[in-house]
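Encoded as structure tokens, the structure appears first; notes follow it.
All values below were derived from every heavy atom in this structure, side-chain atoms included, with hydrogens, water molecules and symmetry-related copies excluded.
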Amino acid sequence: MLFTETMPIGERFLNSIAITILGMLVVFAVLIIIAYSLELLRIMFKDKNTIEKSVPEKTEPVKLVPVTQENVEDIDLILLITAAIAADEGSSTDDFFVRSIKPLAQKDTIWASAGRQQNMSKKM
């Protein structure tokens, strides 16, 4: 036993600190082992999509569209979407081009969308 009733209080205190430090060392050692094993698994089972993304695709030159009043809003939308994608991926906007933007079909009812929007706009 690490503690006995005949031990002075100072020795009990030192033993309890030693047990605490030993427990913390064991926890950190296990966390380090888990981190390295996850990294090893990530390397072993690397996703094919990430490999394909690292290889740049050959792209055809982009046709420049003259700026008119009708497509100014579209250009602003494309710039906004391009900047959002670049911020999400942590890359530069020079790495990719937005060729087309297609709206998705609405899956939910209008009531569900309005309720979700109302919940998101509530102040907490």
Side-chain angles (χ1 to χ4, degrees):
M1 262 199 275
L2 293 173
F3 293 103
T4 61
E5 292 188 21
T6 60
M7 281 185 176
I9 193 144
E11 195 171 339
R12 285 185 189 179
F13 181 71
L14 288 177
N15 281 346
S16 63
I17 288 180
I19 291 171
T20 303
I21 291 173
L22 178 68
M24 290 173 64
L25 288 175
V26 168
V27 167
F28 282 115
V30 169
L31 287 175
I32 289 171
I33 290 170
I34 290 173
Y36 281 119
S37 63
L38 287 175
E39 185 69 22
L40 179 67
L41 287 173
R42 185 187 63 84
I43 291 171
M44 286 174 49
F45 300 110
K46 195 168 192 178
D47 191 16
K48 292 179 183 178
N49 293 335
T50 58
I51 295 171
E52 292 173 2
K53 286 181 183 177
S54 63
V55 177
E57 296 178 11
K58 293 181 181 178
T59 58
E60 56 191 49
V62 177
K63 297 177 185 176
L64 297 176
V65 178
V67 177
T68 62
Q69 285 293 349
E70 297 157 356
N71 65 1
V72 169
E73 290 179 7
D74 294 339
I75 291 174
D76 290 341
L77 179 64
I78 291 171
L79 289 174
L80 182 66
I81 291 173
T82 305
I85 292 171
D88 183 51
E89 291 183 357
S91 63
S92 173
T93 57
D94 299 332
D95 298 339
F96 57 90
F97 299 100
V98 176
R99 293 194 178 122
S100 66
I101 299 172
K102 298 176 184 173
L104 296 176
Q106 186 172 352
K107 294 180 181 178
D108 296 330
T109 64
I110 295 175
W111 287 104
S113 299
R116 194 174 305 112
Q117 184 67 32
Q118 185 180 12
N119 284 336
M120 288 189 293
S121 65
K122 286 183 181 177
K123 293 182 181 180
M124 293 186 171

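- Shown here for Arg12 and Met7, the closest heavy-atom pair between the two residues is NE-O, 3.7 Å.
- Here the straight-line distance linking atom CD1 of Ile43 with atom CG of Leu38 works out to 11.5 Å at 0.5 Å rounding.
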Could you give the side-chain donor-acceptor pairs of residues 19-29 under 3.5 Å, partners two or more places apart or in another chain?
from, atom 1, to, atom 2, distance (Å)
Thr20, OG1, Ser16, O, 2.8

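- To the nearest 0.5 Å, the span separating CG on Leu31 from OH on Tyr36 amounts to 12.5 Å.
- In this structure, the side chain to side chain donor-acceptor pair (under 3.5 Å) partners of Glu39, at least two apart in sequence or on a different chain, are Arg42.
- Residues Ser92 and Ala86 approach most closely at C-CB, 4.3 Å, considering heavy atoms.
- In this structure, Ile110 places its CD1 atom where only 12 or fewer heavy-atom neighbours from other residues, nucleotides or ligands lie under 6.0 Å away.
- Sorted by first and then second residue, the salt bridge (charged side-chain N to carboxylate O under 4.0 Å, His left out) pairs with a member in residues 103-119 read Asp108-Arg116; sequence neighbours excluded.
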